[in-house]
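Read through the structure below, which is laid out as structure tokens, and then see the notes.
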Amino acid sequence: MELHFLTVRRRHVASASFVENRILAVGSSTGLSLPGEGIQPEHARLIKEDDGFAIEPVSDAPITVNGIPLAGRHRLQDGDWVVFGTAVFQVRIHQSNIGGKEPQSGRSADTQSMVSRRLVIGRLPTCDFFIPSPLISRRHAEMVWHDGRVILKDLHSTNGTFVNGQRLTEARSIEKGDRIQVGSLVYVFTGETLEPLDELNRIRIEAHGLGTEVKDRSSGRSKRLLDDVHLVIAPGEFVVIFGASGSGKSTLLDALSGRRPAGFGQLYYNGVDFYSSMDLFRTNMGYVPQQDIVHRKIQVRKALYYAGRLRLPGDTAREEIEQHTTRVLQRLGLSEKASSAIDTPTPLSGGQLKRVSLASELIANPSLLFLDEVTSGLDAGTDKKMMQLFAELAAEKKTIVCVTHTLENIDTCHLVLLVHKGRIIYFGPPKEALAYFGVSRLTEVYDTLEAHPAEPLAEKYRKSELFDEFVGRRYTTVREDPPREIPLSVRRSPPRFGTGLLQFRTLVLRYMDILLSDRRNSLLLLAQAPIIAVLIGLVFDISGPLDAQVLGESQVAFMVVLSAIWCGCLNSTREIVKELPIYMRERSVGLGIFPYLMSKLFPLSLLCVLQCIFLLGIVTVLCSWDGPFVQRLGVVVLTAVSAATMGLAVSTMVNSSDKAVAIVPVLLIPQVIFSNFVVTLGHLQKAVARGSVLAFSAFDAMKSLFSPKVQALVQVEAGLGVNVATISALAVASFVLAVIGLRWKDKTHRQ
């Protein structure tokens, strides 16, 4: 029995040879030596058993078998895919025979060959071409050889299959030299095989003359935020961007990440025009803004689970996501806090909170990380630990770009980039920056910036040897001339990720988890309705003479309608704006507006149902209110849900919770004035009220459900069906306004 290790390129690199011992060391400098990044000198032990082979890690060295992290001994099977660090190998086990030929199987070393008639690519170990990446669907794509042609078809994967930068929407033939991207991994079709361009899935950034220009609101003149930016960031480099406030650091970071594309120039990722091919790379990018991008009320592990569910392919099993979560928690030293909520009686420290935000991005194992002042506000010790963590991630061949104001620990990075008034005036090693600017400490550079304009400093750097070494000679992509302007369509086309139903389900579960975790706030929301109902029951009386009954039922109906509108609005007015940074981050990786809004509206509707049951039930009992309870409840619930939708629309139009709360009275006062209860409205006023005020139609609907004696004495403007349809139409209109509000935030966020 023989065991061989082969690379994903189908190359034989090593064979197990047991002489006397039944245990063989596997590593970069052992008896069984394997090449590749991340392989330790002694990485694993290979054990020969009577009828096969087993493998186990040495000193917790990272090993995965068929995509599953290895914690102890594991029995190897023919065709298993084993990852040591970041190096991927396939295990081939076969019996020795006289003819010396290997037995053939469905998962042979020739699975990429044209001898095969069909080749399935995916994350499942049983696929012909197994790719152990969390961003690959279980069955991602297939290649079929038919009538001398090779047909490539996407198998409804989450992250898509691309040919030469174009996403496949239907099966198409491929030719020799075509670039095939599966998820975020790029291969070249040789005519016979798929050859990976980079087995480590690394990203190289090249910027050619990037610039951003906006109109100054005060003067009306154009203003350059970025000007003629030339830059090369190689895979595995840790680059720190710094500069004075307002110098253009975040603008540059957003231009490089595509959050707010530059107005002109070219940006290339691995030689591909990034702005016209953003979907090719989005799943392989992480972005951590200065604000927290995790909810504070749920457990750390659950927060990461929901992040994984939104970012990873829809067919990823819960067990797989939990394995990725455990991996990230261990990597960032958060295992002890996994079961803790962020806002516990002993909250997470600032550094731990930042690591949780970082963990939500690392859950998809991106190769490129953008960090926007994530160390801001941290103490010196925590800042140092965070910078060391970023350096360790870069050592894993991840490209790290970080904006910071703190320079004490900047020596941990490979390169620093100094921005001054939108121009790059230095890009090179941090130690050489001291001599370049003639200072003893890097913080003294700010004094130089105050004394000199940007253009001469930028020109000096462009003529320096440092520019030639770290930019000029590192360019691999030819710049277009003249620099082209980036089309607006690039900025306004957010990607689609996953399915709306999956997103809706995930977001609903997360929202329910948040509500249940914050029990105090949830109980206060539920307690509003009973308290208001008791007050109504104690104050208003619907007994007595018929005219008193008419007034009493009208007063009670009006107060019930007004209370339902109050509860619905108050439930939802802050729900979107309070998590705006989280929404914008998830939107940038493909969160859909419709599933997001529905994930808010559905739980809020359930809350409205409970509130209305308490409200109307208690009022009915205390006031001995005769009449159709179920129909009244339906009207009250519909009114509350419509008010909740109106509150969501408000929440999308503002940028702070305080502003949202301040608008609530502006919404409620017209409900009182135009309800047709406080004052009798004229014909024109009624027409306006019916088309814009919930209370008018809701109160009119409640009047049609008064007790029979009272109903004969009140004037009903329209039938119950018309009023219900009007309330529903107002809810739909509010939902449309909420969609417009979120799209407006997309637009303002990208400008």
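Ser360 approaches Leu304 most closely through the heavy-atom pair N-CD2, 3.6 Å. Between Asp154 and Leu168, the closest heavy-atom pair is N-CD1, 4.1 Å. When every heavy atom of His420 is checked against every heavy atom of His452, the shortest pair comes out as NE2-O, 3.3 Å.
Of the residues Lys600, Arg585, Arg574, Arg510, the one that meets the salt bridge (Lys or Arg N to Asp or Glu O under 4.0 Å) test with Glu579 is Lys600.
Remark: aromatic rings of Phe594 and Phe735 are close, center separation under 6.0 Å. Close placement of the Tyr475 and His208 rings is indicated, their centers lying within 6.0 Å of each other.
Side-chain N/O atoms of Glu206 and Thr476 include a donor and acceptor closer than 3.5 Å. Between the side chains of Glu586 and Tyr596, not a single donor N or O lies within less than 3.5 Å of an accepting N or O.
Glu237 places a side-chain N or O within 3.5 Å of a backbone atom of Ala234 that can act as its donor or acceptor partner.
Geometrically, Arg259 engages Tyr287 in a cation-pi contact defined by less than 6.0 Å to the ring centre and at most 45° from the axis.
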Go through the steps for Asn284 and Leu368 under the test side-chain contact (heavy atoms from CB on, under 4.5 Å), then give the verdict. CA-CA 7 Å; Asn284 207 24; Leu368 175 59; over 6 Å; no
Which pairs would a plain distance check flag for residues 407-415, meaning a side-chain donor or acceptor within less than 3.5 Å of a matching protein atom at least two apart in sequence or in another chain?
from: Asn409; atom 1: ND2; to: Asp383; atom 2: OD2; distance (Å): 2.6
from: Thr412; atom 1: OG1; to: Asn409; atom 2: O; distance (Å): 2.9
from: His414; atom 1: ND1; to: Phe238; atom 2: N; distance (Å): 2.8

